[in-house]
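Single-structure report; data block below.
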Number of protein chains: 2
Amino acid sequence: MRKAATIRDVAHAAAVSTATVSKFVNGGQRFSREVEARITAAIQQLGYRTNPLARGMITGRTGNLGIVIMDIRNPHFTSFVKGASRAAAEAGMNLLFADAAESRAPELALLQALLPQVDGLIVSARMPVAVVEWLREWARKPVVFYGGLAPRPGLHSVGCDNHASGLMLGRHLRELGHRRISYVGFGAAPWSKDRWEGLRAAFQGTKASLQCFDVPAPVAEEGERIASSVLLDAQTPEAVVAYNDLLALGLMAEARALGFRVPQQVSIAGFDNIAYGRYTTPSLTSVDTGSEATGEAAARHLLGLLAGESDLALHETIATRLVPRDSTAARGSGSGKP
Amino acid sequence: MRKAATIRDVAHAAAVSTATVSKFVNGGQRFSREVEARITAAIQQLGYRTNPLARGMITGRTGNLGIVIMDIRNPHFTSFVKGASRAAAEAGMNLLFADAAESRAPELALLQALLPQVDGLIVSARMPVAVVEWLREWARKPVVFYGGLAPRPGLHSVGCDNHASGLMLGRHLRELGHRRISYVGFGAAPWSKDRWEGLRAAFQGTKASLQCFDVPAPVAEEGERIASSVLLDAQTPEAVVAYNDLLALGLMAEARALGFRVPQQVSIAGFDNIAYGRYTTPSLTSVDTGSEATGEAAARHLLGLLAGESDLALHETIATRLVPRDSTAARGSGSGKP
DNA sequence: TTGTATGCGTTATCAC
DNA sequence: GTGATAACGCATACAA
C-alpha cells in the first residue's frame, strides 16, 4: 500500500510546479492545452485528492459545519439534522455532529472540541448563557442558533414563531369548545413559555381556565410520569397541550392507561408533528414546526454567513401549520372506535 | 478580536521553546516545577488550544470518526448514532456524520469527501460492492461495517444475528398457533433474507405456509402501500412479519384502516424495537436488535482498530431479544378493546 | 530537562 | 501562463 499522492507527486509527474497544480485544482485560471492535459493525466493516474487539512491550514477553512443537537433521539431533531445535512451536502460541506445529551463533557468542552474543526456552528438556542458568551467572545466563526431567538441579541438564529404556534393550537381547542386547558411545558427551553403564552392568548376574553405544569426533560417517559398529576388534578382538564409531541405521546398513552378516553374525555395535542403521531390511536394533533425546513434554513443561513452575505436577516422565521388529527375533538363527540 | 494563540505565543510567553510546550501539552514527560508553572500560566492566560489540523498534518490523525447512515430518520439508525456518539465522545473523538439518503452524490463521492477528514469509518454493510472494493483498496484507514456481515470477507463488522432473530420471532408466532405467515422484506439489505430464513426455520416440520413480499424502502409509507397486497392476498395471513418496525407500523395502520382487527384477525411484528412501537395501538411486538448497543460497539471496535488492538474479532455479534407486545396474539383471543 | 531544526501538504505572493 | 518560495501551526528526531 503506497501513501496517498501529494501535490508534489502530481507536479513532478506532470513536469510542472506545485503552484501550477494548485491553481489548476482550484480553478479560476487558464492554462495551455499541453499543461492542462499533463496535469489532468497525472491527477487521474495517481488518484490525487487534495488534502483538506493542509488546505485548511492556509485558507483557514475546514469544509465542515458543526452541529450540536440536544438529543438526537427526538424525531424533531432528527429531521432537523436531515435538513441541515442536505443543505451541507449540496454545498459540498461535511457535518460534524455532536449530541449534547451523550457527551459527558459540559457543553463548553464539547464546543471547544468541535470549534477548531469547523467553519461555522449550528447550536441550540437553549445553550447555557455562559456558553453563548464564550462563543461570542472566542469563536471567531459564525454561529447560527436554532429553536428560538438567540439567547443574546445580535446573534443569528432560525426558528418558528412559538407564540403564534401556541395561539394557533389554542384557537383550535377553543373552537372545539374546550375551556379547561392544561399545558405541560419544558421550562429549560425558553420558547416553551412562548407557546404557553400563545395558548393563553387564544383564550383571552373567555372564561377559560389554564394551568401550567413543567417537566425536566421533553421525552415520552416524562409525559407518562406527569400524566396522572395533570389528569387527576383538582381541575380536570378538557384538553392537555404538551410542549412537544414526545411528551404528548407519553401523556396520551398514560391517559388511556388511566382509563381516560381520548379525545372524548380529554383532548391531547403537541408540537413538532413528528412522523409517529400518525400511527398512534388516536392519531395526534400537532403543530408542525417545520423541523426539517428549520435544519435546512439553519445550514443555509450559516453558509450565507460564511459566504459573507451581508443582507442576511438576524432571525429567520420558519412557517408553522396546524395538523388537526383525532386526538382533539369536541367533548363527547365521536364514537371512540375508529 | 485577536487571532487564536499558537504554540509559539505560548512558548514566547512562558520563555521556553515550542518543543517544550508541545511536549507539555501532549504529556508523557516530566518538567521542572518552574517551567511547568510558566507554561500552565501562559496557556491559561492566552486561552491556547492546540490546532487539530496542524497536529493532524504531522500525526496523520484527525480526531474524527466518520459515520455514514442510510437514513437518519429511521429510529433504529438514530439510536445507532447515539450509541456511536457516546463511545466517540468518551474517547475524545468527534463524529463526522453523513446521511447517504440526503446526499445527492453517489456513495463513493460521499466517502471520498469524508475519508480525508477522519481516522476511521463506520459504514453500512449494505453499501454497493463497488464502493466497498474502493474502500478496501484506497482507504488506508480502518472501516467497520454495521448491519450484517461485511460485504466482503476479511472486513470488520458489527451486527446482530439476523437468522437467530428471525427464528426467535418465528417461534413466538408458532407458539401462538399461527400457520399462515407473510414476510415483508427489504431485499436491498442482504440480512433481510437471513431474517426470512430464520422465520422459515421456526416453522420447519409444521404444515405452515410462508409467503414473501418485498418493498423498495424500509419505511412506514411502504408498509402502508403494500398492506393491501399482503392482507388481501389469495392466502390471507394470520401473521405478518416486517423487515423492520417502520414497515410494521405502516402495515398495522393500513391493516386497521382496511378493517382488520390486530391482533385478533392478524398478528403483526417487526424488528428493531423502536421506541414508538410502545405507543401504537396495539403496541408492537418486535425483536430488539440492540440499535444503540450496536452503534456503541461499532465505534468501540473502530477505536480498538485505531489503537492497534490485535485481538479484535472480525465480527462482533450484538445480542437480540424478543419483545412481545399486543400486536401478536393467538387468533381470536383478547377483546380487541384495551 | 530543554532547545534546534525540519517537514507535514497546501495556498498565496510575487517574480518571471 | 508558469514557477520559486514563504508561510500555516504543530510534532519529532536529535542535539545539548
Side-chain angles (χ1 to χ4, degrees), chain A residues 2-40 42-43 46-64 112-113 115-119 138 140-141, chain B residues 2-43 46-64 112-113 115-119 140-141:
Chain A
R2 60 190 183 288
K3 291 187 59 181
T6 75
I7 202 173
R8 256 186 289 271
D9 299 329
V10 175
H12 186 254
V16 296
S17 76
T18 60
T20 303
V21 177
S22 174
K23 285 167 193 153
F24 178 82
V25 168
N26 295 318
Q29 201 175 115
R30 295 191 51 86
F31 299 89
S32 64
R33 277 251 169 280
E34 171 101 28
V35 166
E36 185 166 335
R38 291 211 308 266
I39 297 183
T40 310
I43 288 180
L46 294 169
Y48 169 74
R49 315 215 78 230
T50 141
N51 180 333
L53 271 68
R55 163 185 286 165
M57 289 220 44
I58 307 266
T59 62
R61 296 217 147 194
T62 64
N64 300 328
Q112 287 176 336
L115 201 52
Q117 307 255 42
V118 302
D119 296 334
W138 292 96
R140 269 165 299 277
K141 301 183 176 172
Chain B
R2 58 191 186 286
K3 291 188 61 179
T6 77
I7 201 172
R8 255 186 292 268
D9 299 327
V10 175
H12 187 255
V16 295
S17 76
T18 61
T20 304
V21 177
S22 174
K23 287 166 192 154
F24 177 82
V25 167
N26 295 320
Q29 201 175 115
R30 295 191 52 84
F31 299 88
S32 64
R33 279 250 168 283
E34 171 101 28
V35 167
E36 183 166 336
R38 289 210 308 265
I39 297 183
T40 310
I43 289 180
L46 295 170
Y48 170 74
R49 315 216 78 232
T50 138
N51 179 334
L53 270 69
R55 164 186 284 165
M57 290 222 44
I58 310 238
T59 62
R61 296 216 149 196
T62 64
N64 300 329
Q112 288 176 335
L115 202 50
Q117 307 254 41
V118 302
D119 296 335
R140 269 166 299 277
K141 301 183 176 172

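Heavy atoms only: backbone and side chains are in, while hydrogens, waters and symmetry mates are out. Lettering follows sequence order; numbering is per chain, from 1. Bear in mind the structure is a predicted one, so any value in this text is a computation, not a measurement.
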Touch class at under 4.0 angstrom, heavy-atom based, for Phe24(B) against every strand present: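 The residue Phe24(B) makes no contact with any strand.
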
Give the rounded distance in Å between these two atoms: [atom1] of [X] and [atom2] of [N].
{"X": "Asn51(B)", "N": "dG9(D)", "atom1": "CG", "atom2": "C1'", "answer": "6 Å"}
{"X": "Leu53(B)", "N": "dC8(C)", "atom1": "CG", "atom2": "C1'", "answer": "12 Å"}
{"X": "Arg61(A)", "N": "dT10(C)", "atom1": "CZ", "atom2": "C1'", "answer": "16 Å"}
{"X": "Ile7(A)", "N": "dA12(C)", "atom1": "CD1", "atom2": "P", "answer": "11 Å"}
{"X": "Lys3(A)", "N": "dG7(C)", "atom1": "NZ", "atom2": "P", "answer": "13 Å"}
{"X": "Ile39(A)", "N": "dG1(D)", "atom1": "CD1", "atom2": "P", "answer": "14 Å"}
{"X": "Arg8(B)", "N": "dT4(C)", "atom1": "CZ", "atom2": "P", "answer": "13 Å"}

Roughly how far, to the nearest 0.5 Å, is the [atom2] atom of [Y] from the [atom1] atom of [X]?
{"X": "Ile7(B)", "Y": "Arg49(B)", "atom1": "CD1", "atom2": "CZ", "result": "13.5 Å"}
{"X": "Arg30(B)", "Y": "Lys23(B)", "atom1": "CZ", "atom2": "NZ", "result": "15.5 Å"}
{"X": "Leu53(B)", "Y": "Ile58(A)", "atom1": "CG", "atom2": "CD1", "result": "11.5 Å"}
{"X": "Thr20(A)", "Y": "Arg38(A)", "atom1": "OG1", "atom2": "CZ", "result": "9.5 Å"}

Student check: side-chain heavy atoms of Ile43(B) and Phe24(B) closer than 4.5 Å: yes

Beyond-backbone contact of His12(B) with Thr18(B), side-chain heavy atoms, under 4.5 angstrom: no

Net bend of the helix from dT1(C)-dA16(D) to dC16(C)-dG1(D), end axes of five pairs each, nearest 10 degrees: 30°

Donor-acceptor contact below 3.5 Å, side chain Gln117(B) vs main chain Thr62(A): yes

Worked verdict on Val21(A) versus Val16(A) for side chain to side chain contact (heavy atoms under 4.5 Å, CB included): CA-CA 7 Å; Val21(A) 177; Val16(A) 296; 3.7 Å; yes

dG9(C) phosphate, OP1 or OP2, under 4.0 Å from Thr6(A) side-chain N/O: no

Asn26(A) side chain near dT11(C) phosphate (N/O to OP1/OP2, under 4.0 Å): yes

Which protein N or O atoms sit under 3.5 Å from an N or O of nucleotides 2-6 of chain D?
| residue | atom | partner | partner atom | Å |
| --- | --- | --- | --- | --- |
| dT2(D) | OP1 | Ser32(A) | OG | 2.5 |
| dT2(D) | OP2 | Ser32(A) | N | 3.2 |
| dG3(D) | OP2 | Ser17(A) | N | 2.9 |
| dG3(D) | OP2 | Ser17(A) | OG | 3.4 |
| dG3(D) | OP2 | Thr20(A) | OG1 | 2.6 |
| dG3(D) | O6 | Lys23(A) | NZ | 2.6 |

Full working for side chain to side chain contact (heavy atoms under 4.5 Å, CB included) between Trp138(A) and Gln112(A): CA-CA 10 Å; Trp138(A) 292 96; Gln112(A) 287 176 336; over 6 Å; no

Among dC10(D), dT10(C), dC8(D), the nucleotide that comes nearest once only the side chain of Met57(A) is considered: dC8(D)

Residue Thr59(B), side-chain atoms from C-beta onward, closest of dT10(C), dC10(D), dT12(D):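 It is dT12(D).
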
